[in-house]
Asker: 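Pasting in a structure now, in structure tokens, and then I'll have a few things to ask.
Every chain is numbered from 1, with letters handed out A, B, ... down the list of sequences.
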Protein chains: 2
Amino acid sequence: MTDATAKPWTMQQIAAAAGVSVTTVSHTLSGKRPVNPETALRIRRLIDEFGYVPDAGARQLKSGRSRMIGLAVPDISHWYFGRIARGVEEMANERDYGLIICSTSNSDPRREKRYFNLLRTRSIDGLVYTASREIAATDELMKIAESSSPIVLADEDVPGLDDVPSVTSTNYGGAQELGRHLRDLGHTRAVIIAGYAGLHSTVQRVRGIRESFPNALVLHGDFELASGYALASDLLANQVGFTALFASNDLMAIGAMRRLQEAGVRVPEDVSIVGFDDVDMASVVSPGLTTVRQDMLGIGRQSAELLIDAVEAGSTEGIQSIGLPVELVIRGSTAPPPS
Amino acid sequence: MTDATAKPWTMQQIAAAAGVSVTTVSHTLSGKRPVNPETALRIRRLIDEFGYVPDAGARQLKSGRSRMIGLAVPDISHWYFGRIARGVEEMANERDYGLIICSTSNSDPRREKRYFNLLRTRSIDGLVYTASREIAATDELMKIAESSSPIVLADEDVPGLDDVPSVTSTNYGGAQELGRHLRDLGHTRAVIIAGYAGLHSTVQRVRGIRESFPNALVLHGDFELASGYALASDLLANQVGFTALFASNDLMAIGAMRRLQEAGVRVPEDVSIVGFDDVDMASVVSPGLTTVRQDMLGIGRQSAELLIDAVEAGSTEGIQSIGLPVELVIRGSTAPPPS
DNA sequence: CGCGATGTGCAAATCGAGTTGCAAGGCGAG
DNA sequence: CTCGCCTTGCAACTCGATTTGCACATCGCG
């Protein structure tokens, strides 16, 4: 194996090989000045032959743009954020941008500083920020937002960042549909296993459900399967009477379902359970989980699109936030309550 | 909202504010030449106050390094690749590198060209390549490998790239353990739902299982749940007699399990099923799936580590490939065969 | 007092591409 | 022949950080 420092070609060398000046080569590429078609062809052929690609660093230095965007997510390995990431990556690729991943897991402040610095150092032209596990904006985030760096919030609105465009699901509408579905089946006594209290989406979902079940008991979990399991244990231990269980996401729904089933509670005969998200697992557990499908891919795609629009316009001025429609998916976990 | 083109500070401006030359500022930062402690302090204070960060493009241009690495994966939203990505991201972050995601889904050649160009343009210093769905190296990959750009293969060896260091699971060993486990339970008639034929990991896993079940029937799927489901249908339709079913990954195992259960086959009483990977879902389905846990996080971490070592050494010379241990996880889907 | 040894700052060059003003050569049309 | 247009080259400068050669201190010590 030879050394890894094989030097790439420079524009100089291409120009020399073609017997023209760098000016001409540059203009052939940019088209900002007319170039004789024959010369252009010769140059292009040499570029292909040599496999010349302009140096990204030099370009970035001159233009002030890196053609990279960042994506800040709590944990890229989560299904949920993975879908968002894929959407962002797709759109970035379509618009010819690269994608840099910034993991915010365990909200280490040093990490946070590090990826906001990507904006400051101009390593990225903009940032898609997914704050799905944070109640409020951190100081650092506020500072960046105030400096008017191009930022788009994906999946979750952040209080205090009202001027920053966002792309979210219509949580309220989805929750309404879930509520009506179970009310129409005849349920009257419901429990809600919600997400973090204070999180915008949590508030919306609880509100939507309570439109049909004004007195539903509300518990708060952390979106993980274990948390649904534990909260269901609490419900059983306290002999809470209910026939409908709303969980703020599928993982908690599935955790709760397991716990209830282990206790001999039949789903959906004794208790109906619904989730939110429509993860892969929702259709695999038995019974299949009735849920609300969120278009995470779409959230990713649209966030990236808004962001790149803002980057290329040079401002987020006039960029509208987007609410994406959701879809009720009825499976086997819901049925009329026991009579 | 003000305009998004708020200019970052330059070193020039810091120097001017401190009443010194850029040289001095640069040297206080790099420490490559002694600087008067008082002056240094004054400069540092100004840097903090202004929030100055050196421009990435300029740095990259001068140094020839971007302090970014790339990760090429088929689909970032898959659990499997998401775990790898997280591992890579963690290690990159620890070594103070950024991570650029290159999605190779649907193996669009234009996409492929695009992320290999990241290497050529020096946007990234090296690439972690996950070829888990490809049998052979593409021309483009061969070209890049020959050009001795720093590359590490993660999760899957690629035939023809023997000089490129790789980090993989010990597929053979894991499959051996699975085979022995079912043989020890008393099974004698087995079917293998393998991955893509020709894939290195597939070959290893089949070999490992066949050590215990030399005559096992081998079918090939595409790693997706639906494919396990469909192949199980085929088995049922053809009345193939077996009491043990090996799937090359958990998703196919779960798909097959569902199909068998729908047909009234009891798991594990009538048929034992095992998978590979230990995905989240494996512990959620019922019965829980016996499987082999792969350390995807570790694969990601170690790949990134090898890569960064190679980048900083300037060559992949002397970098050793790694095989990561796996662990047999016994759950409810395996039991002695019906007598 | 003077010598070398340090410490310290400045100006200038460098990395590779993008851009501009100016000028030169070639060509066709009037 | 000349005017104007098209093509192209040249030289110079920009982007911002890093690094060099050079020079001016200042200090200790014989």
Asker: How about A/T316 and A/V164: do any of their side-chain heavy atoms sit closer than 4.5 Å?
Answerer: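 A/T316 does not reach A/V164 side chain to side chain.
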Asker: B/D96: which residues meet the side chain to side chain contact (heavy atoms under 4.5 Å, CB included) condition with it, sequence neighbours left out?
Answerer: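 Scan of B/D96 (side chain to side chain contact (heavy atoms under 4.5 Å, CB included), adjacent residues dropped) gives A/R114, B/R67.
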Asker: Under 3.5 Å, side-chain donor or acceptor atoms of residues 302-310 of chain A against the rest of the protein: list the pairs with distances, not counting sequence neighbours.
Answerer:
unit_1 : atom_1 : unit_2 : atom_2 : d
A/S303 : OG     : A/I299 : O      : 2.5
A/D309 : OD1    : A/R95  : NH1    : 3.2
A/D309 : OD1    : A/R95  : NH2    : 3.0

Asker: Mapping A/K32 and B/K62 to their closest nucleotides on DNA chain C, which lands nearer the 5' end?
Answerer: B/K62
Asker: Please determine if A/E38 and A/R42 form a salt bridge, counting it only when a charged side-chain N lies under 4.0 Å from a carboxylate O.
Answerer: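 Answer for the salt bridge query: no.
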Asker: For A/W79, look at atom CH2 and say whether over 12 heavy atoms of other residues, nucleotides or ligands are found less than 6.0 Å away.
Answerer: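 Yes, because the 6.0 Å sphere around CH2 of A/W79 holds more than 12 heavy atoms from other groups.
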Asker: How does each nucleotide of nucleotides 3-11 of chain D score, in 5' to 3' order, for protein heavy atoms under 4.0 Å: base (B), sugar-phosphate only (S), or none (-)?
Answerer: ----SBBBB
Asker: Let me know the distance between CG of A/L61 and P of D/dT14, rounded to the nearest Å.
Answerer: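 Distance, rounded to whole Å: 13 Å.
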Asker: Whole angstrom is fine here: how far is it from CZ in A/R122 over to C1' in D/dG16?
Answerer: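 One finds 10 Å between C1' of D/dG16 and CZ of A/R122, rounded.
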Asker: With nearest nucleotides of DNA chain D determined for B/H27 and B/A58 from heavy-atom distances, which residue corresponds to the more 5′ nucleotide?
Answerer: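 Counting from the 5' end, the first nearest nucleotide belongs to B/A58.
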Asker: With sequence neighbours excluded, tell me which residues meet side chain to side chain contact (heavy atoms under 4.5 Å, CB included) with B/H27.
Answerer: B/T23, B/S30, B/K32, B/R33, B/V35
Asker: Kindly check if the number of other-residue, nucleotide or ligand heavy atoms within 6.0 Å of CD (B/Q12) is above 12?
Answerer: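 Open: at most 12 neighbouring heavy atoms sit under 6.0 Å from CD of B/Q12.
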Asker: Among residues at least two apart in sequence or on other chains, which ones pass side chain to side chain contact (heavy atoms under 4.5 Å, CB included) with A/S132?
Answerer: A/F81, A/T130, A/D155, A/E156
Asker: Where along residues 48-55 of chain A does a heavy atom fall under 4.0 Å from DNA chain D?
Answerer: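 Residues of residues 48-55 of chain A that come under 4.0 Å of DNA chain D do not exist, since none gets that close.
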Asker: Please find the earliest and latest nucleotides of DNA chain C, in the 5' to 3' direction, that have an atom within less than 4.0 Å of any heavy atom of chain A.
Answerer: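 Here the contact window of chain A covers C/dG16 to C/dG21.
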Asker: Between B/F116 and B/Y129, how do the two ring planes meet: parallel, tilted or perpendicular, split at 30° and 60°?
Answerer: parallel
Asker: Just jot down the side chain to side chain contact (heavy atoms under 4.5 Å, CB included) partners of B/T138, sequence neighbours excluded, or say none.
Answerer: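 Here the qualifying residues are B/E112, B/E134, B/E140, B/L141.
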Asker: Which residues pass the side-chain hydrogen bond (donor to acceptor under 3.5 Å, both in side chains) test with B/E89, not counting sequence neighbours?
Answerer: A/R111
Asker: For B/Q12 and D/dC15, what is the distance between atoms CD and P respectively, to the nearest whole Å?
Answerer: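 Checked: the CD to P distance equals 10 Å.
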Asker: Only pairs under 3.5 Å count here: list side-chain donor-acceptor contacts from residues 46-59 of chain A, not counting sequence neighbours, and write none if there are none.
Answerer:
unit_1 : atom_1 : unit_2 : atom_2 : d
A/D55  : OD1    : A/G57  : N      : 2.8
A/D55  : OD1    : A/A58  : N      : 2.8

Asker: What does the inter-axis angle of the helix from C/dC1-D/dG30 to C/dG30-D/dC1 come out as, five pairs per end, nearest 10 degrees?
Answerer: 50°
Asker: Name all pairs fulfilling the ring pair (Phe, Tyr, Trp, His ring centres under 6.0 Å) condition that reach into residues 130-149 of chain B, sequence neighbours left out, sorted by first residue then second.
Answerer: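 Listed by first then second residue: nothing to list.
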